Amino acid sequence: LLSLRALKMRSILMSALLCGLVFLISVNTFSQNSVWAWGSDWEQEIGNPSASFSNPLPLWVYDLSNASKLSTGYYHSLVLKADGSVWQWGHCLEGGQLPCYQIPEKVQNLTNIAAVSAGGFHSLALKDDGTVWAWGINEHGQLGDGTIEDKSTPIQVMNLINVIAIAGGAGHSMALENDGSLWAWGNNANGRLGNGTNEDKNTPVKVLNLEDVVAVDGGAAHSLALKNDGTVWAWGGNSSGQLGDGTNEDKNVPVKVLNLTNIIAISGGGWHSLALKNDGTVWAWGANSHGQLGDGTIFISNIPVHVMNLTDVKDISGGGRHSVALKNDGAVWTWGNNDYGVLGNGTSGTPSPVPVQVLNLSDVSNISAGFDFSVAISAREIIPPAIDAIKELHDPFRLKIKGNNFRNDAEIWVVGYPWDNFSYKSESLIILKKGKDLKNMFPKGLKQDILIVNPDSSCVIAYFTR
């Protein structure tokens, strides 16, 4: 592939997506722990240049493998790789306060990272030495460096040691130390810092009346903590009952969530909350206008309700207006809002108040829900297709792919002209028939980011990168 001198390509990536099976030819090799995303791509949340604004089925996040953990903010994602490096994409807001990454970009000056957490418009990373690092929007002091100045590169959060877990809310941050104490900083509207006040703090303050905490998470305007005894505690905004204490009044110190025992995991959504019991069932409370509580209704609840038709769950994640669950068999289920196809079941627009399965996705090990998108790590291998012929002609060059990995033994021809000054990004799917020549479609040639779909039902994706 690199011998195609006229194209001057730095790398050539081609992949084929056949009913959820991805096959890849590349100068790089990818094996497993790839990342997949679905839902909105308005702010480049999908991490794939060929994504549409609405993506009702999972797409491969471009050029990422060996992922171990991930976390999503409102419009961006973080991935921690097995080598301790952190990668980010999204954030393409019109205001331009943050760098925009259409495809994953390595975060500089971060090594030996043990955990990541994406806040609304900021990011957190926990090093293996127990220190916390932050970058992004800082208007409320959510970076914890004693200022309110935005940072595009990581800086160390002040006055924290021996941290074992981190969590980012919409505009606030939290850190759990190894002694079970919890610390918070940033936006304190509604009392989401839990220190008994409603004043913003640009350095960490201790959350009151909590000990033996083992897990923490943040929502849009509220915070959650899981204690060693399996109880859940909440504080901050409560307009939709997301604190689960039977009221709709804000609390600036932690209160116990009612009727929950034996909890092993928690997650804060936008204005709702989730909890996973040790029996594999999921419970939810708070906002429910899109069915994000999963109880078959659209009525808010200020006490936990049972999510219907879900068992054997091992992980949960709350999005802006939807919820996601990972089962022990590696399948992913979602419920709630379905704008932009965020439920991942091949449809868009119609919400679901009960869980539906995400299609074309299996062997998943980690999930995270953003505002209107979701991301998952899958252990499925990416296998290259057989190549019958790759050869350069005078003008244009033709790349013919044929192999038993393709559905119905399909033949796909891609034709491009090597013009240095031309770059093409598709905004819609190009429908191919077998052997069809693209010369008339692209009279000026093609260079990069071309999405091609075969009528045999979402079969082929081709990428060209200089």
Side-chain angles (χ1 to χ4, degrees), residues 13 15-22 24 34-64 67 70-79 88-93 100-104 118 290 292 317 319-324 326 331-352 356-362 364 366-378 380 382 425-431 449-455 457-463:
L13 298 177
S15 64
L17 175 58
L18 297 183
C19 307
L21 299 178
V22 169
L24 179 71
S34 55
V35 182
W36 299 78
W38 61 98
S40 170
D41 194 50
W42 278 89
E43 309 295 347
Q44 314 301 323
E45 300 99 316
I46 301 301
N48 184 315
S50 298
S52 303
F53 288 139
S54 178
N55 300 276
L57 291 171
L59 287 177
W60 174 56
V61 174
Y62 189 86
D63 210 11
L64 263 186
L70 54 78
S71 180
T72 51
Y74 269 14
Y75 307 113
H76 75 291
S77 298
L78 302 174
V79 160
Q88 63 183 344
W89 68 95
H91 266 328
C92 295
L93 301 174
C100 166
Y101 302 106
Q102 188 179 25
I103 61 175
H290 295 80
Q292 56 263 53
S317 185
R321 300 170 296 174
H322 71 291
S323 303
V324 184
L326 172 62
V332 178
W333 293 72
T334 59
W335 59 99
N337 178 54
N338 197 24
D339 290 348
Y340 313 107
V342 70
L343 295 186
N345 68 337
T347 71
S348 182
T350 303
S352 177
V356 295
Q357 186 170 359
V358 176
L359 300 179
N360 302 345
L361 194 63
S362 63
V364 172
N366 198 205
I367 55 171
S368 188
F371 191 81
D372 275 326
F373 71 104
S374 295
V375 184
I377 296 174
S378 172
R380 292 180 63 179
I382 300 176
K425 180 183 184 303
S426 66
E427 294 182 356
S428 61
L429 303 185
I430 304 160
I431 305 300
D449 302 339
I450 306 301
L451 175 59
I452 300 169
V453 175
N454 184 280
S457 75
S458 62
C459 292
V460 179
I461 296 178
Y463 294 98

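Computation of the quantities below employed the complete heavy-atom set of this structure, encompassing side-chain atoms and omitting hydrogens, waters and symmetry-equivalent molecules. The structure presented is a predicted model; accordingly, all values stated were derived computationally and were not measured. Nothing fancy with the numbering, it's 1 onward along the sequence.
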Quiz item: Does the side chain of Val61 reach to within under 4.5 Å of the side chain of Pro104, using non-hydrogen atoms?
Solution: yes
Quiz item: Can you check whether Thr72 reaches Phe373 side chain to side chain, under 4.5 Å on heavy atoms?
Solution: yes
Practice problem: Return the minimal non-hydrogen interatomic distance between Leu326 and Ala331, and the atom names on each side. | Solution: CD1-O, 3.5 Å
Quiz prompt | Contact check, side chains of Arg321 and Asp339, non-hydrogen atoms, under 4.5 Å | solution = yes
Quiz prompt | Spatial distance of atom NE2 (His76) from atom OH (Tyr101) [nearest 0.5 Å] | solution = 10.5 Å
Practice problem: Mind listing the closest non-hydrogen atom pair of Gly47 and Ile103 along with its distance? | Solution: O-CG2, 4.1 Å
Practice problem: Report the C-alpha separation of Gln292 and Ser323 in whole Å, then their side-chain angles, then the decisive distance to 0.1 Å, and conclude whether the side chain to side chain contact (heavy atoms under 4.5 Å, CB included) test is met. | Solution: CA-CA 6 Å; Gln292 56 263 53; Ser323 303; 4.1 Å; yes
Practice problem: Measure across Pro58 and Gly344 and return the closest heavy-atom pair with its distance rounded to 0.1 Å. | Solution: CD-O, 4.3 Å
Quiz item: Once you round to the nearest 0.5 Å, how far does CD of Gln44 lie from CH2 of Trp89?
Solution: 12.5 Å
Quiz item: What are the two closest heavy atoms between Gln357 and Asn345, and how far apart are they?
Solution: O-CB, 3.6 Å
Exercise. Please determine which of Thr347, Leu361, Leu359, Val358 meets the side chain to side chain contact (heavy atoms under 4.5 Å, CB included) test together with Leu57.
Key: Leu359
Exercise. Nearest 0.5 Å please: distance from the OG atom of Ser348 over to the CG atom of Asn338.
Key: 5.5 Å
Quiz prompt | Val356 and Thr334, any side-chain heavy atoms less than 4.5 Å apart | solution = yes
Quiz prompt | Side-chain donor-acceptor pair present, Ser352, His322, cut-off under 3.5 Å | solution = no
Quiz item: Taking C-beta and beyond as the side chain, do Ile367 and Val332 meet within less than 4.5 Å on heavy atoms?
Solution: yes
Exercise. Taking all non-hydrogen atoms of both residues into account, name the closest pair between Trp42 and Phe53 and its distance.
Key: NE1-CB, 3.9 Å
Quiz item: Of all heavy-atom pairs between Ser317 and Ala369, which one has the smallest distance, and what is that distance?
Solution: OG-N, 2.9 Å
Practice problem: Supply the atom-to-atom distance Ser71 OG to Gln88 CD, rounded to the nearest 0.5 angstrom. | Solution: 12.0 Å
Quiz item: Rounded to the nearest 0.5 Å, how far apart are CG of Leu59 and OG of Ser52?
Solution: 8.0 Å
Exercise. Indicate yes or no: at least one non-hydrogen side-chain atom of Leu78 is less than 4.5 angstrom from one of Leu70.
Key: no
Quiz item: Do Asp41 and Tyr340 have side chains that get closer than 4.5 Å, going by heavy atoms?
Solution: no
Quiz item: Atom CZ of Phe371 and atom OG of Ser40: how far apart are they, to the nearest 0.5 Å?
Solution: 10.0 Å
